[in-house]
Peer 1: 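Take this structure first; my questions come after.
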Amino acid sequence: MRKHLVIVYSLLFIILFTSLPAHATEYKPRNIYVVKQGDSLPRIAVQFGTSVNDLKGANGLQSNSVLVGQKLWVPITYEVVAGDTLRGIASAFHSSVHLIKAKNRLSTERLFIGQILKIPPKKMTMQGQHILLTREEFRDWLFHAQINRKVTLIQQHHTWQPSYKQFNGSNHFQMLMGMENFHKRKMGWSNIAQNITTFPDGKIAVSRPFNIAPEGTIGPRANATGIAIENVGNFDKGHDVMTEAQKETIVYISAALSIKFGLTPSIDSITYHHWWNLRTKERVLDRGPNYNVKTCPGTGFFGGNSTASAIHNFYPLVSRKMQEILASRH
């Protein structure tokens, strides 16, 4: 009998403990939900008292599909403890002071112990399929995502046109739509060619879904297991001088992608468009005749577009950034 009572008490403890509101001091925030077999966005939305649109906005989802193992920011209920501040809670749970105040109809930032708060995750900046992100937002988005195709190659391109002259600091979506329309209407591709675009201000856009291979003149061999990055600008010598913000972003996302897909920076994992023959679509590295290769990503791209410039100037930066990102995650 005593054994049965112990089991009952243990079960009651587990039920009570898991139903308590979260605390910001916990090591792993409980507002990250891991998608399980049989889940759907509508089912998850009902479970957490939110909507499909809010889940999509908070997680930068480009469709209603979710994959097993995918991580989602979800709203939670939180009980205030000693030392809490709205800013601290917002930071711990991927929210904002404004959102928490609005959701709970708070007129000030004053809190009291035992107060119950609803914490909604902040939404990402989206327009259609295009998601505009900071470096840190991209890192979280990427590491939460589940990719259902093999990725072994990160492609580096530059747009050439549009260049820095067309960027005014706030027209990210306008430029993305322009590229998407050009690729679909003029080039005959199914969507915008690239998965990722970087901008002079350091912002990052995810456009073509990662589960769809890129398109473009680099060819099917490079695209089959590739992720394409278009860096806005003309980085041939004598043209656009890359900003420090964009340099940092290009290195950062190359490092994050390498971590995500288990790649070591090398000519076999991070490739320049210049190394591929436009006619045969085969990799020629530095041996391509000028009339059959592009200068992309630019003769001034991190010291040049040769394999030597990549090995000596670019890959070491990516490797160091990988170590920084991994250290920050621990």
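Both backbone and side-chain heavy atoms feed into the values below; hydrogens, waters and symmetry mates do not.
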Peer 1: For the atom pair NE2 (His273) and CD (Glu230), what is the distance rounded to the nearest 0.5 Å?
Peer 2: 9.0 Å
Peer 1: Report the C-alpha distance between Gln246 and Thr249 in whole Å, list the side-chain angles of each, state the deciding distance to 0.1 Å, and finish with yes or no for side chain to side chain donor-acceptor pair (under 3.5 Å).
Peer 2: CA-CA 5 Å; Gln246 191 171 17; Thr249 285; over 6 Å; no
Peer 1: Answer with yes or no whether the hydrophobic clustering places Ile100 together with Leu111; edges join I, L, V, M, F, W, Y residues whose side-chain heavy atoms lie under 4.5 Å apart.
Peer 2: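 Per the 4.5 Å side-chain linkage, Ile100 and Leu111 are co-clustered.
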Peer 1: Could you tell me whether the side chain of Ser269 and the main chain of Thr264 form a donor-acceptor pair under 3.5 Å?
Peer 2: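 Side chain of Ser269 to backbone of Thr264, a donor-acceptor pair under 3.5 Å: yes, one is there.
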Peer 1: Does atom NZ of Lys101 have more than 12 heavy-atom neighbours, drawn from other residues, nucleotides or ligands, at distances under 6.0 Å?
Peer 2: yes
Peer 1: Give a yes or no on whether the backbone of Val97 and the side-chain of Arg87 come within a donor-acceptor separation of less than 3.5 Å.
Peer 2: no
Peer 1: Which atoms form the tightest heavy-atom contact between Leu263 and Met322, and what is the distance?
Peer 2: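 Reported closest heavy-atom pair: O-CE, 3.6 Å.
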Peer 1: Does Lys165, at its NZ atom, have more than 12 non-hydrogen atoms belonging to other residues, nucleotides or ligands within less than 6.0 Å?
Peer 2: no
Peer 1: Answer yes when Lys184 and Glu180 have at least one side-chain N-carboxylate O distance shorter than 4.0 Å, and no when they do not.
Peer 2: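 Salt bridge: yes.
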Peer 1: Check the surroundings of atom CD in Gln174: do more than 12 heavy atoms from other residues, nucleotides or ligands lie under 6.0 Å from it?
Peer 2: no
Peer 1: Would you give the length of the straight line joining atom CD of Gln115 to atom CZ of Arg110, rounded to the nearest 0.5 angstrom?
Peer 2: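 The CZ atom of Arg110 is 10.5 Å from CD of Gln115, to the nearest 0.5 Å.
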Peer 1: For Asn168, does the CG atom have more than 12 heavy-atom neighbours from other residues, nucleotides or ligands under 6.0 Å away?
Peer 2: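 Enclosed.
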Peer 1: Do Glu136 and Arg139 pass the salt bridge (charged side-chain N to carboxylate O under 4.0 Å, His left out) test, and can you show the C-alpha distance, the side-chain angles, and the key distance before you say yes or no?
Peer 2: CA-CA 5 Å; Glu136 293 73 20; Arg139 175 200 61 202; 5.6 Å; no
Peer 1: Answer yes or no: is there a side-chain heavy-atom contact under 4.5 Å between Met242 and Pro200?
Peer 2: no
Peer 1: Checking the side chain of Asp240 only, and the main-chain atoms of Asn234 only, is there a donor and an acceptor separated by less than 3.5 Å?
Peer 2: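 Checked: pair present.
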Peer 1: Tell me whether Asn59 contacts the main-chain N or O of Leu55 through its side chain, where contact means a donor paired with an acceptor under 3.5 Å.
Peer 2: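 It does hold such a pair.
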Peer 1: Quick check: is Val206 connected to Leu176 through a chain of hydrophobic side chains (ILVMFWY, heavy atoms under 4.5 Å apart)?
Peer 2: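 No, because Leu176 and Val206 fall into different hydrophobic clusters, even though each may have its own neighbours under 4.5 Å.
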Peer 1: In terms of hydrophobic clusters joined by side-chain contacts under 4.5 Å, are Ile311 and Phe302 together?
Peer 2: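 Yes, because Ile311 and Phe302 connect within a single hydrophobic cluster, where side-chain heavy atoms sit under 4.5 Å apart.
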Peer 1: Contact between Met187 and Glu215 at the side-chain level, heavy atoms closer than 4.5 Å - yes or no?
Peer 2: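 Of all side-chain heavy-atom pairs linking Glu215 with Met187, none is under 4.5 Å.
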Peer 1: With a 3.5 Å cut-off and no angle check, do the side chains of Trp276 and Thr271 form a donor-acceptor pair?
Peer 2: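 On atom types as modelled, these side chains qualify, holding a pair under 3.5 Å.
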Peer 1: Set out, in order, the CA-CA distance, both residues' side-chain angles and the distance that settles salt bridge (charged side-chain N to carboxylate O under 4.0 Å, His left out) for Asp140 and Arg135, then state yes or no.
Peer 2: CA-CA 9 Å; Asp140 291 342; Arg135 288 187 281 269; over 6 Å; no
Peer 1: A quick test of your reading: do over 12 heavy atoms of other residues, nucleotides or ligands sit less than 6.0 Å from CH2 of Trp160?
Peer 2: no
Peer 1: Measure the shortest side-chain to side-chain distance between Lys321 and Glu248 over non-hydrogen atoms and say whether it is less than 4.5 angstrom.
Peer 2: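 Heavy-atom side-chain distance check passes, below 4.5 Å.
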Peer 1: To the nearest 0.5 Å, how far apart are CH2 in Trp275 and CG in Leu285?
Peer 2: 7.0 Å
Peer 1: Are side-chain heavy atoms of Asn223 and Gln155 found at a separation under 4.5 Å?
Peer 2: yes
Peer 1: Would the number of heavy atoms belonging to other residues, nucleotides or ligands and lying under 6.0 Å from NZ of Lys71 be above 12?
Peer 2: no
Peer 1: Is Val318 linked to Ile154 within one hydrophobic cluster, defined over Ile, Leu, Val, Met, Phe, Trp and Tyr using a side-chain heavy-atom separation of less than 4.5 Å?
Peer 2: yes
Peer 1: Drop me the distance from Leu133's CG to Leu142's CG, to the nearest 0.5 angstrom.
Peer 2: 10.0 Å
Peer 1: With side chains defined as the heavy atoms from C-beta onward, is the minimum distance between Ile267 and Tyr272 less than 4.5 Å?
Peer 2: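 SC-SC contact between Ile267 and Tyr272 ruled out.
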Peer 1: Is a side-chain donor or acceptor of Ser309 paired with a backbone partner of Ser306 at a separation under 3.5 angstrom?
Peer 2: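 Side chain of Ser309 to backbone of Ser306, a donor-acceptor pair under 3.5 Å: yes, one is there.
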Peer 1: Using only atom types and a distance under 3.5 Å, with no angle test, would you say the side chain of Gln70 pairs donor to acceptor with the backbone of Leu67?
Peer 2: yes
Peer 1: Keeping to residues at least two apart or across chains, list the ring pair (Phe, Tyr, Trp, His ring centres under 6.0 Å) pairs with something in residues 227-265.
Peer 2: Tyr164-Phe235
Peer 1: For residues 98-123, which residue pairs qualify under ring pair (Phe, Tyr, Trp, His ring centres under 6.0 Å), counting only residues two or more places apart or in two chains?
Peer 2: none
Peer 1: Taking atom types as modelled and ignoring hydrogens, do the side chains of Tyr78 and Asn31 form a donor-acceptor contact shorter than 3.5 angstrom?
Peer 2: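 Absent: no donor and acceptor within the cut-off.
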Peer 1: With a 3.5 Å distance limit and no angle check, can you tell me whether Ser207 reaches the backbone of Asn195 through a side-chain donor-acceptor pair?
Peer 2: no
Peer 1: Begin with the C-alpha distance, continue with both residues' side-chain angles, and end with the deciding distance and a verdict on side chain to side chain contact (heavy atoms under 4.5 Å, CB included) for Phe314 and Ser254.
Peer 2: CA-CA 10 Å; Phe314 189 58; Ser254 299; 3.7 Å; yes
Peer 1: Establish, yes or no, whether a centroid distance under 6.0 Å links the rings of Phe48 and Trp73.
Peer 2: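 They do not qualify: ring centres at least 6.0 Å apart.
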Peer 1: Between Val293 and Val284, is there a side-chain heavy-atom distance shorter than 4.5 Å?
Peer 2: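 With C-beta onward as the side chain, the pair touches.
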Peer 1: Which class fits the ring pair Phe173 and His130: parallel under 30°, tilted 30 to 60°, perpendicular over 60°?
Peer 2: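 Rings of Phe173 and His130: tilted, as their planes differ by 30° to 60°.
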Peer 1: We want to know whether Asp236 and Thr295 form a side-chain donor-acceptor pair, criterion being a heavy-atom distance below 3.5 angstrom.
Peer 2: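 Yes - a donor-acceptor pair under 3.5 Å links their side chains.
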Peer 1: Applying the 4.5 Å side-chain criterion to the ILVMFWY set and letting contacts propagate, would Ile250 and Trp141 be lumped into a single cluster?
Peer 2: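 As far as the 4.5 Å side-chain criterion goes, Trp141 and Ile250 are connected within one cluster.
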Peer 1: Would you give the length of the straight line joining atom CG of Asn292 to atom CG of Asn277, rounded to the nearest 0.5 angstrom?
Peer 2: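 Rounded to the nearest 0.5 Å, the CG-CG separation comes out at 4.5 Å.
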Peer 1: Can you name the nearest heavy-atom pair linking Thr85 to Gly88, along with the distance?
Peer 2: OG1-N, 3.0 Å
Peer 1: Taking all non-hydrogen atoms of both residues into account, name the closest pair between Gln156 and Asn231 and its distance.
Peer 2: OE1-ND2, 3.1 Å
Peer 1: Side chains of Ile196 and Leu257: closer than 4.5 Å at any heavy-atom pair?
Peer 2: yes
Peer 1: Do the non-hydrogen side-chain atoms of Phe138 and Ile131 ever get within less than 4.5 Å of each other?
Peer 2: no
Peer 1: Gly69 and Gln146: which non-hydrogen atoms are nearest, and at how many Å?
Peer 2: C-CG, 3.4 Å
Peer 1: Show the nearest heavy-atom pair for residues Lys281 and Gly219, with the distance to one decimal.
Peer 2: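 Minimum heavy-atom contact is CD-CA, 3.8 Å.
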Peer 1: Would the distance check show the side chain of Asp39 and the main-chain N or O of Lys36 forming a donor-acceptor pair, the cut-off being under 3.5 Å?
Peer 2: yes
Peer 1: A quick test of your reading: do over 12 heavy atoms of other residues, nucleotides or ligands sit less than 6.0 Å from CZ of Arg221?
Peer 2: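 Correct, the count exceeds 12.
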Peer 1: For atom NZ of Lys103, decide whether the heavy atoms of other residues, nucleotides or ligands shown that lie under 6.0 angstrom number more than 12.
Peer 2: no
Peer 1: So, is the end of the Arg329 side chain (NZ or CZ) under 6.0 Å from the ring centre of Phe143 and within 45° of the ring's axis?
Peer 2: yes
Peer 1: Give the minimum heavy-atom separation between Cys296 and His158, together with the two atoms involved.
Peer 2: SG-N, 3.0 Å
Peer 1: Which pairs would a plain distance check flag for residues 119-128, meaning a side-chain donor or acceptor within less than 3.5 Å of a matching protein atom at least two apart in sequence or in another chain?
Peer 2:
| residue | atom | partner | partner atom | Å |
| --- | --- | --- | --- | --- |
| Lys123 | NZ | Asp54 | OD1 | 2.8 |

Peer 1: CG/Asn181 to CD1/Ile192 distance, rounded to the nearest 0.5 angstrom?
Peer 2: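 It is 9.0 Å, given to the nearest 0.5 Å.
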Peer 1: When you measure from the side chain of Asp84 to the backbone of Val81, do you find a donor-acceptor pair of N or O atoms at a distance under 3.5 Å?
Peer 2: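 At least one qualifying donor-acceptor pair exists.
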Peer 1: Is the side chain of Gln47 donor-acceptor paired with the backbone N or O of Ile44 at a distance under 3.5 Å, no angle test?
Peer 2: no
Peer 1: Taking the six-membered ring for Trp, are Phe199 and His172 parallel (under 30°), tilted (30 to 60°) or perpendicular (over 60°)?
Peer 2: perpendicular
